[in-house]
Amino acid sequence: MPRCLIADDSKVIRMLLIKIMENYGFDVIEAEDGEEVVNLVKDNAPKLVIMDWRLPIMEGIDVLYKIRNNKKIKQPKIVFCSSVIDVDKIKEALDGGADDYILKPFDEEIIGTKLIILDLL
């Protein structure tokens, strides 16, 4: 069963994404802040990370750079799921190594489509 890490400071968003990802057959772990994401990626080698741009302690973009620049980490697919709709920030995320960007609000169909595009289903 592939592992997915969900990172968002909102418990409601995490619960929704966990349910969706479990429906798609993923084993899900969760994080509330950016520092926790980096540690969980190192320790659990998830196949996919879905995270918000705005995270406590370390912003999502900094988490992205930290993961992508650490060659010792097994590199997961990284998808931002955020309400940040600034085109420059979306471009920065994609240029920085994010595999995709999902805007909130989202639904199960949008997530499923992204999983197919990323060859995770």
Side-chain angles (χ1 to χ4, degrees):
M1 183 181 296
R3 179 167 290 143
C4 174
L5 169 59
I6 305 292
D8 199 293
D9 59 335
S10 165
K11 179 119 179 99
V12 173
I13 295 292
R14 287 197 318 271
M15 286 171 38
L16 177 59
L17 280 167
I18 288 167
K19 181 169 178 17
I20 290 171
M21 295 310 294
E22 286 176 346
N23 287 345
Y24 283 113
F26 282 79
D27 173 38
V28 182
I29 54 178
E30 61 182 300
E32 291 183 47
D33 65 64
E35 193 173 272
E36 194 178 3
V37 174
V38 174
N39 292 330
L40 287 171
V41 168
K42 284 180 191 171
D43 296 341
N44 294 277
K47 193 168 191 145
L48 172 65
V49 174
I50 301 175
M51 70 177 164
D52 195 0
W53 182 284
R54 294 186 186 109
L55 292 171
I57 301 177
M58 187 187 310
E59 293 233 319
I61 192 69
D62 298 319
V63 172
L64 173 70
Y65 292 142
K66 201 162 189 113
I67 291 169
R68 291 297 187 234
N69 290 327
N70 187 336
K71 300 308 173 198
K72 294 178 185 171
I73 294 177
K74 184 170 193 249
Q75 294 294 311
K77 301 274 186 184
I78 297 178
V79 175
F80 277 90
C81 182
S82 185
S83 56
V84 174
I85 55 170
D86 181 316
V87 174
D88 291 333
K89 288 189 185 283
I90 295 170
K91 184 174 177 355
E92 181 183 0
L94 296 172
D95 289 347
D99 294 282
D100 213 329
Y101 202 102
I102 299 168
L103 294 175
K104 293 177 182 172
F106 58 87
D107 62 21
E108 189 160 347
E109 187 177 334
I110 290 168
I111 302 291
T113 300
K114 299 294 185 176
L115 293 175
I116 291 168
I117 290 168
L118 294 171
D119 200 27
L120 293 169
L121 280 185

Is it the case that more than 12 heavy atoms not belonging to K71 sit under 6.0 Å from its NZ atom?
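Yes - once you tally the heavy atoms of other residues, nucleotides and ligands closer than 6.0 Å, there are more than 12.
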
Would you say CD of E35 has more than 12 non-hydrogen atoms from neighbouring residues, nucleotides or ligands within 6.0 angstrom?
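Counting neighbours around CD of E35, 12 or fewer heavy atoms of other residues, nucleotides or ligands fall under 6.0 Å, so no.
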
Taking all heavy atoms of [X] and all of [Y], pick out the closest pair and write down the distance.
X    : Y    : value
P56  : D33  : O-CB, 3.2 Å
D99  : K77  : OD2-CA, 3.1 Å
L121 : G112 : CD1-O, 4.0 Å
I61  : A93  : CD1-CA, 3.7 Å
L48  : M21  : CD2-CE, 3.6 Å
K47  : P2   : CD-CB, 3.9 Å

Partner set under salt bridge (charged side-chain N to carboxylate O under 4.0 Å, His left out) for K104, not counting sequence neighbours:
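For K104, the residues satisfying salt bridge (charged side-chain N to carboxylate O under 4.0 Å, His left out) (neighbours in sequence not counted) are D8, D52.
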
Using ring-ring contact (aromatic ring centres under 6.0 Å, His included) as the criterion, list what pairs up with F80, not counting sequence neighbours.
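Counting only residues at least two positions away or on another chain, F80 forms a ring-ring contact (aromatic ring centres under 6.0 Å, His included) with W53, Y101.
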
Does some side-chain heavy atom of I78 sit less than 4.5 Å from a side-chain heavy atom of D100?
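When only atoms from C-beta onward are counted, I78 and D100 do not touch, as no gap falls below 4.5 Å.
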
Do K66 and M58 touch side chain to side chain, with heavy atoms closer than 4.5 Å?
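In short, these two side chains touch, coming nearer than 4.5 Å.
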
Between the side chains of Y65 and E59, is a donor N or O closer than 3.5 angstrom to an acceptor N or O?
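No, because no side-chain N or O of Y65 sits under 3.5 Å from a partner of the opposite role on E59.
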
